[in-house]
Undergrad: 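Quick one: the structure is below, and I'll ask about it shortly.
Order of the sequence lines sets the chain letters (A, B, ...), proteins ahead of strands, with each chain counted from 1.
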Protein chains: 2
Amino acid sequence: MTQDKTPQEARPIMTVDAVIVTIADDTLKVLLHRRPREPFQGSWALPGGYIHVNEDSGTDAAMERILQEKAGVSDIYFEQLATYSGPDRDPRDWSVSVAHIALVQEDLLSLGDDPDVVLTDVDALPPLAFDHENILAEALARIRGKGAYSSLPTAFLPKTFTLAQLHRVYEITLGETIERVSFRRKIMEVGMVEETGQKSTVMSRRPAKLFRMKVGSQTYVRNFATAG
Amino acid sequence: MTQDKTPQEARPIMTVDAVIVTIADDTLKVLLHRRPREPFQGSWALPGGYIHVNEDSGTDAAMERILQEKAGVSDIYFEQLATYSGPDRDPRDWSVSVAHIALVQEDLLSLGDDPDVVLTDVDALPPLAFDHENILAEALARIRGKGAYSSLPTAFLPKTFTLAQLHRVYEITLGETIERVSFRRKIMEVGMVEETGQKSTVMSRRPAKLFRMKVGSQTYVRNFATAG
DNA sequence: GCAATAGTGTCTTTTAGACACTATCTG
DNA sequence: CAGATAGTGTCTAAAAGACACTATTGC
């Protein structure tokens, strides 16, 4: 059996990186941290870490560890973005990183008061370590692209929300305005959400109906916005 | 520097797998090979292989090696599908595989006469080794999904093609009929293709204009088919 | 009643589907 | 000219956008 394994010295470094995105102050933000160690000590970078082959059941488990350690969250939505590899992306060795995108409601993040862990506007990014600028650019392209025809942006919202909140979250995700009536009509007609029977509690204006995602139903929606 | 590396014994096996898809006999086919060695000796599997850290510049380079070795092709379209990992998917060790989808015109494949390398109808698959049934299912879902709003299916065609060929390739990829006039209108109006000035040479009927993909232009197209 | 946001009705514009028609080739 | 496929014109149906209107709340 041993002769079936690749020689140990031929195996690359194996890590997981996380693009943790949220909406704060009406804009998309990504979580960055300043690296405490070489390589790239002092540079901003995406949170990440080694796969622990003795404890992780897969890259998903490694991601959950990182989300907990770096952002203090668990049970949030994430998906694989892509895998980045090569001899030069990490100065230590030939390396492979499985990058993920996580979308989370701002309230759930527990960042503490560490000044080296920050939420940064995605349109005002500092230089990043490794190939993280590239990973982040592809992550944003995915989020914006997928937002146009899926329920992905709902991952930024709490379990219940108003149609106005849903509308705003789609606009921020896609980076463009969406006509209000068409949006509401489309959302209702694809049956993506259902009423909770409750109302939002805001002062000084008319309360709105609260909705939740309809489980096991249509997650596919077209033409929220018209791509060129 | 050495203390920065993960211990060598903590690194997983790192491989690349290829879902090589083509259209033959008017149906989608995938390239499978029978494994000559353990594990899963004698089972059908997707072609794949180890990353060679001393020669590969990345997983893409490993894919190109595999495409050449197993299918006799180079310079064809491929993209990453996803990365699969865990302690149990390969009986030899904790392993990671970066799966890719390659789309190729049938004529370009050089399979030789090895009975252990075959093109199989994607709707009549045998049991597969490792987690390859799962990988293949996700690959087909990606191809069908992405075919509905992108120019992906053109990767099955030669450099120049008629609108009738383009139409047929979209129908086969999506697994549904597409109205002919709407399809032609849509294709022309998004400016995805341009005339070559040449005509197809077929006997016994009217020749059709030949088109090619317009480079650097619109690759995004909506609503070839209406998903539920 | 006023400010503010929630929610609706309806006209216009755009886009997709249906389908009949004309065009151009070979034998 | 018959058979076959290429390519077009045009009506209809469905969906998106524009926008004015009504509804419900706190103050």
Side-chain angles (χ1 to χ4, degrees), chain A residues 26 147-151 157-158 160-172 174-212 218 220-228, chain B residues 26 147-151 157-158 160-172 174-212 218 220-228:
Chain A
D26 248 31
Y149 62 88
S150 79
S151 58
L157 291 173
T160 67
F161 46 82
T162 67
L163 289 186
Q165 289 177 300
L166 188 63
H167 181 226
R168 190 73 194 113
V169 155
Y170 267 89
E171 287 191 329
I172 292 167
L174 301 181
E176 55 191 293
T177 59
I178 301 171
E179 210 284 325
R180 200 175 60 101
V181 176
S182 303
F183 180 83
R184 296 176 74 103
R185 184 169 50 201
K186 187 77 186 179
I187 290 293
M188 297 318 290
E189 116 197 332
V190 299
M192 185 169 108
V193 300
E194 61 189 1
E195 295 189 24
T196 62
Q198 312 230 269
K199 297 267 191 149
S200 67
T201 54
V202 248
M203 293 303 95
S204 286
R205 61 187 208 273
R206 177 176 174 179
K209 289 181 185 170
L210 283 172
F211 292 82
R212 71 171 78 87
Q218 185 70 280
Y220 192 86
V221 175
R222 259 175 210 282
N223 277 343
F224 280 133
T226 303
Chain B
D26 248 30
Y149 63 88
S150 80
S151 57
L157 290 172
T160 67
F161 47 82
T162 67
L163 289 186
Q165 289 176 300
L166 188 63
H167 182 226
R168 190 71 194 114
V169 155
Y170 267 89
E171 287 191 331
I172 293 168
L174 301 182
E176 56 190 291
T177 59
I178 301 171
E179 209 283 325
R180 199 174 60 100
V181 175
S182 303
F183 180 83
R184 296 175 74 103
R185 184 169 50 202
K186 187 78 185 178
I187 290 294
M188 296 319 291
E189 111 196 336
V190 298
M192 183 168 110
V193 300
E194 61 189 0
E195 296 189 24
T196 62
Q198 312 230 271
K199 298 266 191 149
S200 67
T201 53
V202 248
M203 294 301 96
S204 286
R205 61 186 208 274
R206 176 177 175 180
K209 288 180 185 169
L210 282 172
F211 293 83
R212 72 171 77 88
Q218 184 72 280
Y220 192 85
V221 175
R222 259 174 210 282
N223 276 343
F224 280 134
T226 303

Undergrad: When you measure from the side chain of A:R205, which nucleotide among C:dA16, D:dT25, C:dG7 comes out closest?
TA: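 Nearest listed nucleotide: D:dT25.
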Undergrad: How far does CZ of A:R206 sit from NZ of A:K199, to the nearest 0.5 angstrom?
TA: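 These two atoms lie 6.5 Å from each other.
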Undergrad: Pair A:E171, A:R168 - check side chain to side chain contact (heavy atoms under 4.5 Å, CB included), show working.
TA: CA-CA 5 Å; A:E171 287 191 329; A:R168 190 73 194 113; 3.0 Å; yes
Undergrad: So, the side chain of A:H167 versus the backbone of A:R184: is there a donor-acceptor pair under 3.5 Å, distance only?
TA: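 No.
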Undergrad: Expressed as a whole number of angstroms, how long is the span from B:Y149:OH to C:dT15:C1'?
TA: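 Going from OH in B:Y149 over to C1' in C:dT15 covers 21 Å.
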Undergrad: Let me know the distance between NE2 of B:H167 and P of D:dA6, rounded to the nearest Å.
TA: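 About 11 Å, once rounded to whole Å.
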Undergrad: From D:dA16, C:dA4, D:dA6, pick the nucleotide closest to the side chain of A:E189?
TA: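 That would be D:dA16.
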Undergrad: Has A:T196 got a side-chain atom pairing as donor or acceptor with A:L210's backbone, closer than 3.5 angstrom?
TA: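 Yes; judged by distance alone, with no hydrogens or angles, the pair exists.
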Undergrad: Side-chain N or O of A:R184 versus OP1/OP2 of C:dG7: is the shortest distance under 4.0 Å?
TA: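 Yes, because at least one side-chain N or O of A:R184 sits under 4.0 Å from OP1 or OP2 of C:dG7.
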Undergrad: For side chain to side chain contact (heavy atoms under 4.5 Å, CB included), just list the numbers for B:M188 and B:L163, CA-CA rounded to whole Å, side-chain angles, deciding distance to a tenth of an Å, and then say yes or no.
TA: CA-CA 10 Å; B:M188 296 319 291; B:L163 289 186; 4.2 Å; yes
Undergrad: Main chain of B:V181, side chain of B:E179: is a donor-acceptor contact present, judged purely on distance under 3.5 Å?
TA: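 Between the backbone of B:V181 and the side chain of B:E179 there is a qualifying donor-acceptor contact (under 3.5 Å).
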Undergrad: Atom CD of B:E179 and atom C1' of C:dA18: how far apart are they, to the nearest Å?
TA: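 Going from CD in B:E179 over to C1' in C:dA18 covers 6 Å.
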Undergrad: Closest-nucleotide mapping onto DNA chain D: is A:V181 or B:L163 further toward the 5' terminus? I mean the 5' end.
TA: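 Checking each residue's closest nucleotide, the 5'-ward one belongs to B:L163.
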Undergrad: Output the rounded distance in Å from CE (B:M188) to P (C:dT15).
TA: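 Taking atom P of C:dT15 as the reference, CE of B:M188 is at 16 Å.
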Undergrad: Show each protein N/O and nucleotides 11-13 of chain C N/O combination with a separation under 3.5 Å, one pair to a line.
TA:
none

Undergrad: Starting from P on C:dA6, measure out to CD on A:Q198 and report it in whole angstrom.
TA: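 Atom-to-atom, A:Q198 to C:dA6, this comes out as 17 Å.
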Undergrad: Set out, line by line, the N/O atom pairs under 3.5 Å between protein and nucleotides 21-23 of chain C.
TA:
residue, atom, partner, partner atom, Å
C:dA23, N3, B:R206, NH1, 2.5

Undergrad: When you measure from the side-chain N and O atoms of A:K209 to the phosphate of C:dG7, is any distance below 4.0 Å, counting only OP1 and OP2?
TA: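 Checking A:K209 against C:dG7: no side-chain N or O falls below 4.0 Å of OP1 or OP2.
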Undergrad: Quick check: do B:Q198 and B:T160 have side-chain heavy atoms less than 4.5 Å from each other?
TA: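 No, side chains not in contact.
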Undergrad: Rounding to an integer number of Å, can you tell me how far A:F183 CZ sits from C:dT8 C1'?
TA: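 After rounding, the reported distance stands at 17 Å.
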Undergrad: Can you tell me how far C1' of D:dT5 sits from NZ of B:K199, to the nearest Å?
TA: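 Answer to the nearest Å: 12 Å.
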Undergrad: Send over the distance from B:I178 CD1 to C:dT15 P, rounded to a whole Å.
TA: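 In whole Å, C:dT15 P lies 19 Å from B:I178 CD1.
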Undergrad: Want to settle it: does A:S182 or A:P207 sit nearer the 5' end of DNA chain D, counting the closest nucleotide to each?
TA: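 The residue whose closest nucleotide sits nearer the 5' end is A:S182.
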Undergrad: Run A:M192 and A:L166 through side chain to side chain contact (heavy atoms under 4.5 Å, CB included) and show every step you take.
TA: CA-CA 11 Å; A:M192 185 169 108; A:L166 188 63; 4.2 Å; yes
Undergrad: Say you draw a straight line from OG of B:S151 to OH of B:Y170; how long is it, rounded to the nearest 0.5 Å?
TA: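 Those atoms lie 5.5 Å apart.
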